[in-house]
Trainee: 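One structure is given below, represented as structure tokens, and several questions about it will come after.
Every chain is numbered from 1 and lettered A, B, ... according to where its sequence line falls, protein lines coming before strand lines.
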Amino acid sequence: MPKVKINDVEIEVPAGTNMIEAAKLAGFDIPHYCYHPHLSIAGNCRMCMCEAETPRGPVLDIACNMQAREGLAIRTESDKVKAVRKSVMEFLLVNHPLDCPICDQSGECRLQDYYMDHGQYDSRGIEAKVGKHKRQDIGDLIVLDAERCVQCSRCVRFGDEVTGTGDLRLMNRGDHTEIGMFPGTRLEHDYQGNLADICPVGALTNKDFRFERRVWYLRETDSVCTGCSTSCNTKVCHQEGEVFRTLPRRNDDVNRSWMCDPGRQCNSGVGSLDRILRPTVDGVAVPDAFETLAARIKAAGAGRTGFVMGSGASLEANWALLQVVKANCPGAKVFSVAGNNAGAIAKSDGLLMDADKNPNSAGVALLAAWFGGIGGAEDLRAADLSLLVVLEDDIITRLGGNPAEAIAYFGTHNNPTAELASIVIPVAHVVEMDATYVNRQERVQRVRRATNPQGEAVPAYQALEKLGAALGRAPGTSMPTATFSAMARAVPRMNGLDYKALGASGRLLAPTVQPVAPAAPVAEAK
Amino acid sequence: MALPKPQKVLTLSESSYLVEVLKGMVLTMGHLIKNIFDQDRFRTIEYPDVRKPMTARYRGAHRLLLRPDGGLKCVACMCCPTVCPAKCINIVAGEAENDPAEKFPITFDIDMLRCIYCGFCVEACPKDAIRMDTKIYEINAYTRSDMVHSKAYMVNLMDGLKPEAGAAYRAEQGLAPDGYTNADSAPEGSPR
């Protein structure tokens, strides 16, 4: 690995690392617009200009296109570099409309940030600014304002390299260069929201979030998208208990920096009208449904009671369900039903979207394999059950009919299963609890609590703890950390995982088949 | 921990009260005599018939300003609610379909019970859309909800006049009743 020197700090980086990333490792922030870690190098914003030491003396060059090699030394804070940055800022802002008061990007705009850090010049502009097309409706999710653009071409490269649609282009020349679409076309792909995310200025903004809130009011909580089994890493932006937007969070092993548009909607139902807010028994809201449910489970008897694991529920909730069954109804059957809930669009592409719209299918499979004897959809149809306890999954849609005489449903939103259920218990939405999910790569990822649960909802593992207590033996799953530790100890493939150590990017499960130890060499007979 | 301050020990003249009462009466009588013999510089104001002229910098009730074409200057940039130390400004932003300003406040409410009249909102405003130069200091109402000044109320607070007086003022100035300089110049769907 070559050693490079950044502002006299010597650091060893992998060969080929560009100097923006190398400087980041060394603790220096090089300002940039057009460079993006997951797009090709364009080198057209000139903001990352640094001074490289060469035999000819210091030479100005762009850091994004400077690859680490042995002995490379750059300066990022010299007077010359500062002067260049100031000039670059002046050029970029020559035709900028200063729409900040009405621009959704303000607060997270690189023009604003870098002007304060590196600009701070007095305007020398005496000519009228070049006007361009404003407020263009170019897609279902995106508004384009060409005047605000700094021609970094990140969106062009995104269309060319990530989605392959090639829809946005830079047109015309000189200071009339304008970002735009071909006449009569619109953005058609499912990754439009990323354009607003990668745009370093306010040229591409998100329609869903348009004028909703100023970004400086929002708090960000790390979470995971529950839209499909890819489980892209997300940031949930919320203020005072209301979720306003969901943004992708960088995780090079899962979603890089991207996220699909349906995924951005995965938290839009947090405060929706079809949330289940109160426990109901036979359609009547009651203060506590757990005693009633426990009594009905006992009345039905273990042999005629079924439990359905939830591929939409967290790992902790499924663990709690299995523990309730193990401790209180050892004879009861447990099922897991594959499929998607009502209203799910099972779209899949080679990028991120997966046809399996459940965030925790792999987690259910993991616990099912550990528990053993879990029935599938056919077993559930064939079973003769008087009561079926369902965790979050919409089994009526999945099975196409009611398999039991009565249903008790733990869920967040109203759906065909909740409508048929005689007992409904509200549970917390994914942004309202701490829990873990296992995605299609078998990566265990954490979600964190961003807002308080709506109504009387509690996280599903706490609801099941109460049910266990009402049945006689509580599973001890009221706290997510303790629940996870118990799981990590019990489930062989989770051995060694630690809740805190899952960190921001998650940890993979141990492989199914343990590598066979090489046979010990047989001592040769003498 | 702050210790309680020892109480001031009153002198004999203070504790007898009589001297202090007389001192107060001397002050009152002094003003009376001055007012009688120097009526050009009358020292008391017959409020509310006569009002003290406020200085130019006096911060009174807020008003919202209009553009020459009659639209609201405010574009709901949220600078004033952000800077407001009393958190008394509540703005809901919306999209103005046919207006080049794009963004406008659907509601713009200031809770005058919470307002501390610091004037930060005026300083923060990038559009000169809000001012506190009305010199109105009688901000009162019978209910709490009436103490929340709405967008319509603050637009009508023109040049230090109360809403009803504002209507008369606009009629006198040849302005349209809703504050547009010329009813025809108001763009279709212009934010108000």
Trainee: If you count the non-hydrogen atoms of other residues, nucleotides and ligands that lie under 6.0 Å from CG in A:L98, is the total more than 12?
Mentor: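 Atom CG in A:L98 is crowded, with more than 12 foreign heavy atoms closer than 6.0 Å.
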Trainee: Is it true that atom CG of A:D122 has more than 12 heavy atoms of other residues, nucleotides or ligands lying nearer than 6.0 Å?
Mentor: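 Counting other residues, nucleotides and ligands, CG of A:D122 stays at 12 neighbours or fewer.
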Trainee: Is A:K207 salt-bridged to B:E95, cutoff N-O under 4.0 Å?
Mentor: no
Trainee: Please check if the number of heavy atoms outside A:Y121 that lie under 6.0 Å from its OH is greater than 12.
Mentor: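 Counting neighbours around OH of A:Y121, more than 12 heavy atoms of other residues, nucleotides or ligands fall under 6.0 Å, so yes.
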Trainee: Counting only heavy atoms not in A:Y115, do more than 12 sit closer than 6.0 Å to its OH atom?
Mentor: yes
Trainee: Looking at A:R219, I want to see if its CZ is surrounded by more than 12 non-hydrogen atoms of other residues, nucleotides or ligands under 6.0 Å.
Mentor: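 Check fails, neighbour count at 12 or below.
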Trainee: Does atom OH of B:Y17 have more than 12 heavy-atom neighbours, drawn from other residues, nucleotides or ligands, at distances under 6.0 Å?
Mentor: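 For B:Y17, atom OH is not crowded (no more than 12 foreign heavy atoms under 6.0 Å).
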Trainee: A:R214 side chain to B:C79 main-chain N or O, any donor-acceptor pair under 3.5 Å?
Mentor: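 No, the answer is negative, given that no donor and acceptor are paired below the 3.5 Å cut-off.
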Trainee: Report the distance from atom CZ of A:R135 to atom CD of B:E97, rounding to the nearest 0.5 Å.
Mentor: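 Result: 6.5 Å between the selected atoms.
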Trainee: NZ/B:K127 to CD1/A:I102 distance, rounded to the nearest 0.5 angstrom?
Mentor: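 Here the rounded value is 7.0 Å.
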Trainee: More than 12 non-hydrogen atoms from neighbouring residues, nucleotides or ligands closer than 6.0 Å to CD on A:Q120, yes or no?
Mentor: yes
Trainee: What's the separation between atom CD in B:E102 and atom CZ in A:F211, rounded to the nearest 0.5 Å?
Mentor: 5.5 Å
Trainee: Less than 4.5 Å to any heavy atom of chain B: does that hold for the side chain of A:R210, its backbone, both, or neither?
Mentor: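 Answer is side chain: those atoms of A:R210 sit under 4.5 Å from chain B.
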Trainee: Chain A contacts: which residues in residues 26-39 of chain B have a non-hydrogen atom closer than 4.5 Å to it?
Mentor: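 None at all.
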